[in-house]
Amino acid sequence: MTVLEVRDLAKSYGGVHAVRGVTFDVAAGELVALIGPNGAGKTTTFNMLNGQIKPDAGRVTLDTRDVTGLAPRALWRMGVGRTFQIAATFPSMTVAENVEVALMSQSSSFGFFRRGRNEARQGAAGLLQLIGMQSQADRSCGELAYGDVKRLELAIALANNPRLLLMDEPCAGMAPRERNELMQLAARMAKDRNTAVLFTEHDMDVVFGHATRVLVMNRGRLIASGTPAEVRVNPEVRSVYLGSRAEAARV
């Protein structure tokens, strides 16, 4: 089942075409990577999908509903979650409290705070169990190792039970073992919760090791889409991205 439909998305800044006519879908249960060289338009595309930037043209559809240009808060309530390259958590709060705040933010009613807090505690316990951090629930977030902070951010992003999860360079700053553990967790979550996941990433081991499908952008355009094996051997992708990275790795 298709969760996200992107059609002819475009954004320009003066004479610079950051994104030009980008079209793709992401289905429930998929873990789709969006890759490309610096300046390809990945971040601009992500920010348009999350409502931080309004597109100049095109359409974004979530479960057949047009959500083009809606604000991040509205998209959160409709089931769009997001993690960021730099983890966004509250260091002075405990691990559980960070998740509880996210859960309580779903409610538009503040008249039953105590009941909401109790429900949030139960929900937070379940999410922390899902990501394997239930034993750290009472620890201050500021004391966590960076890999655990990234896992906590994933739990926070899951607080609204998202239909679509956007992960912006989820493995940035993580050790190789932590990267694999986080992406295995994301893949299992996508399958078990039937969530559509779209992520950007510069680590090609992560991309080709975990993505079910890969989208490649260059100079604002989508130049390739396919399985990791198909994209790896695509001549244009190798020319503009993978080839140059392979050469750099050998130096």
Of all the heavy-atom pairs spanning [X] and [Y], show the shortest one and how long it is.
X    : Y    : result
A224 : N234 : CB-ND2, 3.9 Å
A33  : V207 : CB-CG1, 3.8 Å
P91  : T89  : CD-O, 3.2 Å
L215 : S225 : CD2-OG, 3.2 Å
K150 : F84  : NZ-O, 3.2 Å
L128 : V95  : CD2-CG1, 3.5 Å

If I take atom [atom1] from residue [X] and atom [atom2] from residue [Y], how far apart are they, to the nearest 0.5 angstrom?
X    : Y    : atom1 : atom2 : answer
R151 : I156 : CZ    : CD1   : 13.0 Å
T83  : E169 : OG1   : CD    : 10.5 Å
T68  : L9   : OG1   : CG    : 7.5 Å
R65  : L62  : CZ    : CG    : 9.0 Å
F24  : L4   : CZ    : CG    : 5.5 Å
D168 : E201 : CG    : CD    : 9.5 Å

Joint cluster assignment, [X] & [Y], ILVMFWY side-chain distance < 4.5 Å:
X    : Y    : answer
L166 : L152 : no
L31  : L130 : yes
V3   : L70  : yes
L34  : V206 : no
V19  : Y241 : no

Side chains of [X] and [Y], heavy atoms from C-beta outward: is any pair under 4.5 Å?
X    : Y    : value
V80  : L49  : no
K11  : P55  : no
M174 : D203 : no
M167 : V197 : yes

What pairs of residues pass the side chain to side chain donor-acceptor pair (under 3.5 Å) test when at least one of them lies in residues 39-52, not counting sequence neighbours?
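Those involving residues 39-52 are N47-R82, Q52-R82.
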Pairs where residues 208-234 contributes a residue and the test salt bridge (Lys or Arg N to Asp or Glu O under 4.0 Å) is met, not counting sequence neighbours:
E30-R213
Distance-only donor-acceptor hits, side chain of residues 182-196, under 3.5 Å, sequence neighbours excluded:
{"unit_1": "R193", "atom_1": "NH2", "unit_2": "N161", "atom_2": "OD1", "d": "3.1"}
{"unit_1": "T195", "atom_1": "OG1", "unit_2": "P162", "atom_2": "O", "d": "3.3"}

Using side-chain contact (heavy atoms from CB on, under 4.5 Å) as the criterion, list what pairs up with R7, not counting sequence neighbours.
E5, T23, D25, R59
Can you list everything that forms a side-chain contact (heavy atoms from CB on, under 4.5 Å) with I223? Sequence neighbours excluded, please.
V216, N218, E236, V237, V240
Residues in salt bridge (Lys or Arg N to Asp or Glu O under 4.0 Å) with R139, at least two apart?
E143
What do the steps show when you test M133 against D148 for side-chain contact (heavy atoms from CB on, under 4.5 Å), and what is the final call?
CA-CA 8 Å; M133 290 187 67; D148 288 334; 3.9 Å; yes
Test L127 against I131 for side-chain contact (heavy atoms from CB on, under 4.5 Å), laying out the working first.
CA-CA 6 Å; L127 287 172; I131 65 168; over 6 Å; no
Test side-chain contact (heavy atoms from CB on, under 4.5 Å) on L103 and R121; report intermediate values, then the result.
CA-CA 9 Å; L103 287 165; R121 285 173 178 165; over 6 Å; no
